[in-house]
2 protein chains.
Amino acid sequence: MTEDEKYKSEGRAAILKAISHPSRIFIVDKLNEKPYCVCELAEMIGIDQSTTSKHLSILKNAGIIDDTKKGTTVYYSLRCKCLLDFIGCIENVIRMNIDRNKKYMGVGNN
Amino acid sequence: MTEDEKYKSEGRAAILKAISHPSRIFIVDKLNEKPYCVCELAEMIGIDQSTTSKHLSILKNAGIIDDTKKGTTVYYSLRCKCLLDFIGCIENVIRMNIDRNKKYMGVGNN
DNA sequence: AGCTAATATGGCAATATAGCCATATATGAG
DNA sequence: CTCATATATGGCTATATTGCCATATTAGCT
């Protein structure tokens, strides 16, 4: 890899990595509906508030979400709607994987 | 999260995680052109052959790439073209981040 | 069978991540 | 100022990941 390619790949990986966690994917998916605050997300996910806050700061540092304060409450929102289309692509891979498994297991061929 | 939501989020995260590494993003990008074998990719990336093989098996297990043997050589190919569109989305986030940094640093406003 | 080339796998050390608890910080009410 | 609520941060342990080296496996050739 040239320096340029390395830099580019690292940048892309950093963003992907930020989303690559069950709780964070869930957050991105939820924020597509509307903004939510930390405690709402923590409640929905079922993990500690502090852990949720850390997840949100990872997404924020990656430039994936934005935050707005209202009193002591911080609302997070999606910064880039295209992220949803791309989840569609991931779903596509999942569907392909399921089909393949079915084929290997002979489901639908008996 | 309900059991269903948890399962779904874990599935999505598993696929994303598989791609979330500089070398693996690079591989996906390269395989979009055409299939390559392990040693070609190792050479391009500049890492050990064994490490490259492990990266490829991670992508393969996630259902992102396919392999075909020709003699002792194994050619890997992209299984899902939509992955490229989604890299476009990542690029979009990167562009937004750059713009934001410029704004904070006052570039273009003097 | 014996040799070579291409991949894959096991083992290991260094580093990173996820989650919790405890605590710090910040905002608004009284 | 004091208290309560919402977030953020520090510290810690358990676990996972990355990369290399050494070695096993596989396929083709003679």
Side-chain angles (χ1 to χ4, degrees), chain A residues 1 5-7 9-28 30-31 34-77, chain B residues 1 5-7 9-28 30-31 34-77:
Chain A
M1 281 203 270
E5 285 172 327
K6 195 180 165 200
Y7 182 77
S9 301
E10 282 170 356
R12 290 170 167 187
I15 290 179
L16 274 179
K17 203 174 164 193
I19 319 177
S20 301
H21 185 279
S23 300
R24 295 197 292 266
I25 283 265
F26 180 82
I27 289 171
V28 167
K30 275 297 168 187
L31 294 189
K34 62 167 185 163
Y36 282 105
C37 67
V38 184
C39 67
E40 287 170 327
L41 291 166
E43 162 76 28
M44 286 191 272
I45 301 173
I47 57 177
D48 203 85
Q49 169 270 320
S50 68
T51 304
T52 307
S53 179
K54 282 179 187 173
H55 280 309
L56 288 165
S57 80
I58 288 171
L59 289 172
K60 193 189 162 189
N61 285 335
I64 294 162
I65 59 178
D66 266 334
D67 59 339
T68 325
K69 280 200 169 184
K70 275 193 187 167
T72 61
T73 306
V74 179
Y75 287 95
Y76 283 93
S77 54
Chain B
M1 281 201 271
E5 286 171 327
K6 196 180 164 198
Y7 182 77
S9 301
E10 281 170 357
R12 291 170 167 186
I15 291 179
L16 273 180
K17 205 173 162 192
I19 320 176
S20 301
H21 185 279
S23 300
R24 295 198 291 267
I25 282 263
F26 181 82
I27 289 171
V28 167
K30 277 294 169 192
L31 294 188
K34 62 167 186 163
Y36 283 104
C37 68
V38 184
C39 67
E40 287 171 326
L41 291 167
E43 162 76 28
M44 287 192 271
I45 300 172
I47 56 176
D48 203 85
Q49 169 272 320
S50 68
T51 304
T52 307
S53 178
K54 283 179 186 172
H55 280 308
L56 288 164
S57 82
I58 288 171
L59 289 171
K60 192 188 163 191
N61 285 336
I64 293 162
I65 60 177
D66 265 335
D67 58 338
T68 325
K69 280 201 171 185
K70 276 193 186 167
T72 60
T73 305
V74 179
Y75 287 94
Y76 283 94
S77 54

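Reminder, nothing fancy here: chain letters follow the sequence lines and each chain counts from 1.
For D:dA8, one of the phosphate oxygens OP1 or OP2 lies less than 4.0 angstrom from a side-chain nitrogen or oxygen of A:Tyr76. Here B:Thr72 does not reach the OP1 or OP2 of C:dA6: none of its side-chain N or O atoms lies under 4.0 Å away. Contact check, A:Lys69 against C:dA26: no side-chain N or O comes under 4.0 Å of OP1 or OP2. In this structure, B:His55 does not reach the D:dT17 phosphate: none of its side-chain N or O atoms is under 4.0 Å from OP1 or OP2. For the OP1/OP2 pair of D:dA8 and a distance below 4.0 Å, the side-chain nitrogens and oxygens of A:Ser53 include at least one atom meeting the criterion. Look at A:His21 and you'll find a side-chain N or O under 4.0 angstrom from OP1 or OP2 of C:dA18.
A:Tyr75 places its OH atom 10 Å from the P atom of D:dA6, with the value rounded to the nearest Å. Separating the CE atom of A:Met1 from the C1' atom of D:dG19 is a distance of 13 Å, rounded to the nearest angstrom. For the pair B:Ile65 CD1 and C:dA8 C1', the computed distance is 14 Å after rounding to whole Å. With rounding to whole Å, B:Leu56 atom CG is found 7 Å from C:dA8 atom P. The NZ atom of A:Lys54 sits 16 Å away from the P atom of C:dA16 (whole-angstrom rounding). Per the geometry, OH belonging to A:Tyr36 stands 17 Å off P belonging to D:dA6, to the nearest Å. Look at CD1 on A:Ile25: it is 17 Å from P on C:dT17, rounded to the nearest Å. If you take CD1 of B:Ile27 and P of D:dT18, they are 11 Å apart, rounded to a whole angstrom.
The CG atom of B:Asp67 lies 12.5 Å from the OG1 atom of B:Thr73; values are rounded to the nearest 0.5 Å. Distance check: A:Met1 CE to B:Lys30 NZ gives 10.5 Å after rounding to the nearest 0.5 Å. Expressed to the nearest 0.5 Å, how far CD1 of B:Ile19 lies from CZ of A:Arg12 amounts to 11.5 Å. The line from OH of B:Tyr36 to OH of B:Tyr75 is 11.0 Å long, rounded to the nearest 0.5 Å.
Residue pairs meeting the side chain to side chain donor-acceptor pair (under 3.5 Å) criterion with at least one partner in residues 17-27 of chain B, sequence neighbours excluded, are A:Ser20-B:Ser20, B:Arg24-B:His55.
With distances taken from any side-chain atom of B:Lys17 to the nucleotides D:dA6, D:dA16, C:dT7, the minimum falls on D:dA16. Of the candidate nucleotides D:dC20, D:dT18, D:dA8, D:dT18 has the atom nearest to the side chain of B:Ile58.
Annotation: of the two residues near DNA chain D, B:Gly71 and B:Asp48, the 5′-most nearest-nucleotide partner is B:Asp48.
Heavy atoms of B:Ser50 sit under 4.0 angstrom from at least one base atom. Among the heavy atoms of the strands lying under 4.0 Å from B:Thr73 are primed sugar atoms or P, OP1, OP2 only; no base atom is included.
The base of C:dA6 has none of its N or O atoms less than 3.5 Å from a complementary donor or acceptor on the side chain of B:Gln49. Contact annotation: side chain of B:Lys70 to base of D:dG28, donor-acceptor pair absent below 3.5 Å.
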Exercise. For side chain to side chain contact (heavy atoms under 4.5 Å, CB included), just list the numbers for A:Gln49 and A:Thr52, CA-CA rounded to whole Å, side-chain angles, deciding distance to a tenth of an Å, and then say yes or no.
Key: CA-CA 5 Å; A:Gln49 169 270 320; A:Thr52 307; 5.5 Å; no
